[in-house]
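On a predicted model such as this, the values are computed, not experimentally measured, just so you know. FYI, the numbering just counts along the sequence from 1.
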Amino acid sequence: MKIVVRLTFLSIIATTLYACIEDFEFEGISKGEGIVVEGFISNQSYNDLLALPLSARYFTLKLSSVGEVENTRNEPVLGAKVELHQDNGVVYDYAEIGNGEYGLFYEDFKAEQGRNYHLEITLNDGSRITSEIQALPDTMDIGSFSVVEQTKLDYENVLGEVSIAEQEGIGFNVTTLSNDSEDPIYYKWDLSITWIFSADLIEDNHPLKFCWATSQNYYQEFQLLEDHNGNIQNELFFLKTRNSRLNHGFSVLIRQMTMSHEYYTFYNEVQKQLDQSELFASPPYNIKSNLSSDDSGVYGYFGVVNEDFERWYFDKNEIDNYGGWVDDLCEFGPRWAAYCFDCREWTYDDDQVTPYPPDWWDPLYFAMRP
């Protein structure tokens, strides 16, 4: 049996609006010509995320081609036929979104324990790419969290001058649950922030005074852990408490993935490449993939993971070293910038801005005045 979804233009728009938590872009992990495949499925469906509540997302797959010229951006692969095969004979079709992205538009679809999955991709020229068979690893819930007030050396930007100075802030830690199995648990954590931006030069009751901005790049690094016994404390991020983003409301979404040893090894190699790139070392090009092609080189990984989420809100009343209100760009920056009068004009990196709070936002954590 084959399940087919026919997309309308409206559903494509909805996907764009409600997609969340994009994975790391594997630019430059390959050397030589080939296709880069990025994607995963998990135990959390579109509807599961809505019920948590979180901004929902469909599972997506990204295809791009890479050439032999270094320092060039990968080109999107268009017009491919992408299928997800389940071991009971059901086939789920990915629909092309654009720019090399393909989506599984099934609101209740999720990976199930005891099932096997693999990808089959047919490119425009007829060449085929297949993944190794993947299964959902054992479920491990997210652990406990703790906040520790501390001082760290960190970068400081004052009127465009960047320096290193002692910064007061909080370290946010996760402690893993006990691992009673004989096998290690392989963890990956990543973060997404949502904060409230204020157009400070208009009155408080103006409908374009406050916008909610979401960014996946505020904390760019992901964290990995191979945990044999459990009860390991790991710092996920350090948040400077003298920070204009804390003025009106600030939240961090923590996503925990547990995965296979092979998928963990792939991310571990990617992390090493990122660390080496920062030190201007030659990056490794032999990152192991679980994909194969009958015609050209293929890079990347298709994973099946368990996801768990926790949302944390900054509460200034729980922090002793909270630095208080910090003047924003409209005070120290160009006072007649458009975003000082219309919060929708704020743009920075990949921030998604809306004058309406997300459905999941807790109104207890919105301060009109800091």
Inset, instruction - Give me the ring orientation class for Tyr92 and Phe109: parallel if the planes are under 30° apart, tilted from 30 to 60°, perpendicular past 60°. - result: tilted
Nearest heavy-atom pair of [X] and [Y]: which atoms, and what distance?
X: Tyr339; Y: Ala199; answer: O-CB, 3.2 Å
X: Tyr299; Y: Ser289; answer: C-OG, 4.1 Å
X: Ser55; Y: Trp360; answer: OG-NE1, 3.1 Å

Name all residues meeting the ring-ring contact (aromatic ring centres under 6.0 Å, His included) criterion together with [X]; count only those two or more places apart in sequence or in a different chain, and write none if there are none.
X: Tyr187; result: Trp189
X: Phe210; result: His248, Phe366
X: Tyr186; result: His261, Tyr264

[atom2] on [Y] to [atom1] on [X], rounded to 0.5 Å:
X: Leu246; Y: Lys240; atom1: CG; atom2: NZ; result: 10.5 Å
X: Ser198; Y: Trp346; atom1: OG; atom2: CH2; result: 11.5 Å
X: Glu203; Y: Leu208; atom1: CD; atom2: CG; result: 10.0 Å

Inset, instruction - Decide if the gap between the ring center of Phe145 and the ring center of Trp312 is smaller than 6.0 angstrom. - result: no
Inset, instruction - Would you please indicate yes or no on a ring centroid separation below 6.0 angstrom for Tyr322 and Phe314? - result: yes
Legend entry - Side-chain donor-acceptor contact under 3.5 Å, Ser251 with Arg311: yes
Inset, instruction - Examine the side chains of Ser215 and Asn217 and answer whether a donor and an acceptor come within less than 3.5 Å of each other. - result: no
Between [X] (side chain only) and [Y] (backbone N and O only), is there a donor and an acceptor less than 3.5 Å apart?
X: Tyr117; Y: Glu112; result: yes
X: Glu310; Y: Ile254; result: no
X: Gln256; Y: Met140; result: yes
X: Asn179; Y: Asp183; result: yes
X: Gln113; Y: Leu136; result: yes
X: Asn306; Y: Pro137; result: yes
X: Asn247; Y: Val326; result: yes
X: Gln44; Y: Glu307; result: yes
X: Lys316; Y: Gly324; result: no
X: Glu38; Y: Gly300; result: no

Residues that [X] engages under side chain to side chain donor-acceptor pair (under 3.5 Å), provided they are two or more places apart:
X: Ser45; answer: Asp48
X: Trp361; answer: none
X: Asp125; answer: Ser127
X: Asn124; answer: none

Inset, instruction - Under 4.5 Å between side-chain heavy atoms, chaining through other members, with only Ile, Leu, Val, Met, Phe, Trp and Tyr counted: pull out the rest of the cluster around Tyr356, sorted by chain and number. - result: none
Taking salt bridge (Lys or Arg N to Asp or Glu O under 4.0 Å) as the definition, give me every residue that meets it alongside [X], ordered by chain and number, with sequence neighbours left out.
X: Asp138; value: none
X: Asp342; value: Arg344
X: Glu132; value: none

Heavy atoms, side chains only, cut-off 4.5 Å: are [X] and [Y] in contact?
X: Leu191; Y: Ile193; value: no
X: Leu253; Y: Thr214; value: no
X: Leu239; Y: Phe250; value: yes
X: Asn290; Y: Glu262; value: no
X: Phe40; Y: Met259; value: no
X: Val77; Y: Ile121; value: no
X: Thr265; Y: Lys288; value: no
X: Lys188; Y: Tyr263; value: no

Taking distance alone, no hydrogens or angles, what donor-acceptor pairs closer than 3.5 Å link side-chain atoms of residues 224-238 to residues at least two apart or in another chain?
unit_1, atom_1, unit_2, atom_2, d
Glu226, OE2, His228, NE2, 3.0
Asp227, OD1, Asn229, N, 3.3
Asp227, OD1, Gly230, N, 2.7
Asp227, OD2, Thr176, OG1, 2.6
Asn231, ND2, Ser178, OG, 3.1
Glu235, OE2, Lys152, NZ, 2.6

Legend entry - Glu120 vs Arg128, salt bridge (Lys or Arg N to Asp or Glu O under 4.0 Å): CA-CA, chis, key distance, verdict: CA-CA 7 Å; Glu120 292 188 8; Arg128 291 168 57 83; 3.3 Å; yes
Inset, instruction - Could you walk me through whether Tyr102 and Tyr94 pass the ring-ring contact (aromatic ring centres under 6.0 Å, His included) test, one step at a time? - result: CA-CA 6 Å; Tyr102 300 78; Tyr94 284 77; 7.6 Å; no
Inset, instruction - Determine, stepwise, if the pair Gln86 / Asn88 fulfils side-chain hydrogen bond (donor to acceptor under 3.5 Å, both in side chains). - result: CA-CA 6 Å; Gln86 198 168 274; Asn88 61 353; 3.1 Å; yes
